[in-house]
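These notes concern the structure reproduced below.
Chain naming here is simple, since letters A, B, ... match the order of the sequence lines and numbering starts at 1 in each.
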Amino acid sequence: MGEVVRVEIPPRLEYLALARTLVVAAAGMHGPWSGHRLADFEVAVSEACTNAVEAHRLVDQDGPIAIACVSHADRFEVSVIDRGPGLDAQVLRDLPAPSGPARQGREGGFGLPLIRRLADEVRFESSPSGTAVHLVLRRGDTRG
Amino acid sequence: MGEVVRVEIPPRLEYLALARTLVVAAAGMHGPWSGHRLADFEVAVSEACTNAVEAHRLVDQDGPIAIACVSHADRFEVSVIDRGPGLDAQVLRDLPAPSGPARQGREGGFGLPLIRRLADEVRFESSPSGTAVHLVLRRGDTRG
Amino acid sequence: MNLGLDVSDRDGWAVLAVSGEVDVATVPRLREELHRLVADGKHRIIVDLDKVDFLDSTGLGVLVGGLKRVRAHDGELVLVCTQSRVTKVFEVTGLTKVFAIHDSVDAAASSGG
Amino acid sequence: MNLGLDVSDRDGWAVLAVSGEVDVATVPRLREELHRLVADGKHRIIVDLDKVDFLDSTGLGVLVGGLKRVRAHDGELVLVCTQSRVTKVFEVTGLTKVFAIHDSVDAAASSGG
Ligand SMILES: Nc1ncnc2c1ncn2[C@@H]1O[C@H](COP(=O)(O)OP(=O)(O)O)[C@@H](O)[C@H]1O
Ligand SMILES: Nc1ncnc2c1ncn2[C@@H]1O[C@H](COP(=O)(O)OP(=O)(O)O)[C@@H](O)[C@H]1O
């Protein structure tokens with residue numbers, strides 16, 4: 001496993017920009033990433049962090065949200081770890097297609113679709129004591 | 001106590017720039033800081049991080065170095081925490097004045113003098129299992 | 001907060017030039033500004049996103065909300081953006097079918113709207 | 001690595017323009033470049049630090065080392081810097097008494113050296 005950079009932020013929206021800055025700097029050290037792939041990935045990471053902050057709010061959890069970055073031979077991986085209520089498997093299953101008609105009527109709910117589309121791979125690990133979202137940026141992928 | 005941002009980096013010099021970026025972003029959220037005081041403080045923090053990386057090398061410690069940022073009512077404080085061999089109290093006592101003649105003959109050893117001069121306050125806590133350097137940037141200080 | 005908002009007029013359109021980072025922390029100011037414009041009777045709005053460095057899902061949501069508001073007054077809300085890092089989030093959410101996205105404020109102002 | 005080095009000639013001086021961040025990770029390249037210049041017989045060197053965003057103690061150390069090397073050949077090493085964030089580290093270490101620091105490459109090149 002590669003070297004890990006880990007940052008912990010208070011569960012407040014004001015810290016999202018800082019988390020993004022850190023992730024972009026860490027990924028930049030382990031690039032290069034073609035085109036705007038890192039910029040796309042940054043959006044996915046930011047959405048996951050937003051959801052983590054909102055998850056902490058739901059359960060009045062003041063503790064930090066952790067963001068861990070690991071560079072592997074084949075990929076750069078960011079894990080966003082919260083201590084919120086956990087993510088219902090149903091939410092993930094019910095997720096409409098990003099460009100489906102259900103999206104456009106609403107003002108919210110674009111987060112998970114963006115995560116799915118802008119990261120090369122996403123894994124959710126969830127329990128009633130929290131959620132970890134693992135976002136993958138693959139090397140050698142020239143999309144973007 | 002204020003909110004804490006904490007980052008852990010591998011004990012490698014390549015990660016110092018990332019640590020600086022994080023500290024400057026965190027301090028920037030809790031400013032404003034007059035003149036180039038934050039830039040000066042950044043140098044002090046960077047020197048403390050360099051020493052931490054070197055301390056890990058001395059004892060072949062692969063574990064992370066932690067950098068914690070806390071904003072208090074009267075100050076912004078950064079703690080650089082390593083698991084190196086500890087800092088001899090003698091080193092701190094023997095430290096020549098920054099601009100003393102002993103400095104200028106050597107190519108190294110400007111680190112601790114810069115830390116002392118560019119942070120508003122410094123505290124060292126050390127034991128054989130590691131060192132914590134606490135660097136303070138005071139509010140309302142218009143030096144700089 | 002790293003968000004800039006600047007309002008001007010152009011050929012009967014209100015031009016809202018946005019710069020910096022639109023995220024969940026800064027988006028309330030964008031929402032307020034759009035609501036204020038509509039309340040002031042500006043129902044033809046160009047949102048210029050060309051100086052935006054970052055745009056997240058809440059930014060999309062506020063723009064969709066703005067579009068609904070002006071359309072309720074038979075108005076229009078169109079976008080200006082040439083940066084792929086920003087247009088990408090419209091593409092992957094299917095919103096390129098919902099918004100007219102122009103290359104410049106000039107092109108937007110002379111669009112049918 | 002975020003360090004730029006560019007060498008040129010000016011009125012008998014070698015001008016080493018440094019940009020970006022000089023820290024313990026990037027400083028080996030600055031040290032090599034200075035040693036190479038001296039080995040090439042350039043003993044009058046202007047180090048232009050005006051585009052430097054960050055300079056730490058190891059950067060100071062390498063400049064002190066460079067000064068010693070050129071002086072061993074009866075040469076000179078002078079600095080250009082107008083940015084207070086960089087000049088500050090020279091001040092607090094007393095190195096403003098050791099280095100001549102000029103406002104521009106022109107001023108440095110026409111200095112006694
Ligand atoms: N980390 C998380 N913990 C708990 N619930 C989550 C988490 N991430 C997402 N969710 C759930 O998934 C839903 C959809 O998220 P998203 O697509 O980002 O849209 P929005 O946050 O705008 O509702 C959220 O409303 C929330 O119920
Ligand atoms: N965190 C630390 N752990 C152990 N020793 C330290 C630490 N920080 C500083 N020192 C000791 O203090 C000495 C002086 O440090 P410094 O002034 O930064 O100069 P330099 O690192 O160039 O020798 C170091 O050589 C080291 O022996």
Does the side chain of B:P10 come within less than 4.5 Å of A:V5's, by heavy atoms? yes
With respect to chain B, which residue among A:I67, A:L18, A:I9 yields the maximal number of heavy-atom pairs within a distance under 4.5 Å? A:L18
Would you please go through residues 20-28 of chain B and name the residues with a non-hydrogen atom below 4.5 Å from one of chain A, in numerical order? B:T21, B:L22, B:A25, B:A26
Looking only at non-hydrogen atoms, find the nearest pair between B:E14 and A:M29 and report the distance. O-CE, 3.4 Å
Which atoms of A:P64 approach chain B - backbone, side chain, both or neither, heavy atom under 4.5 Å: neither
Approximate separation, where rounding is to 0.5 Å, of A:R6 CZ and B:R6 CZ: 8.5 Å
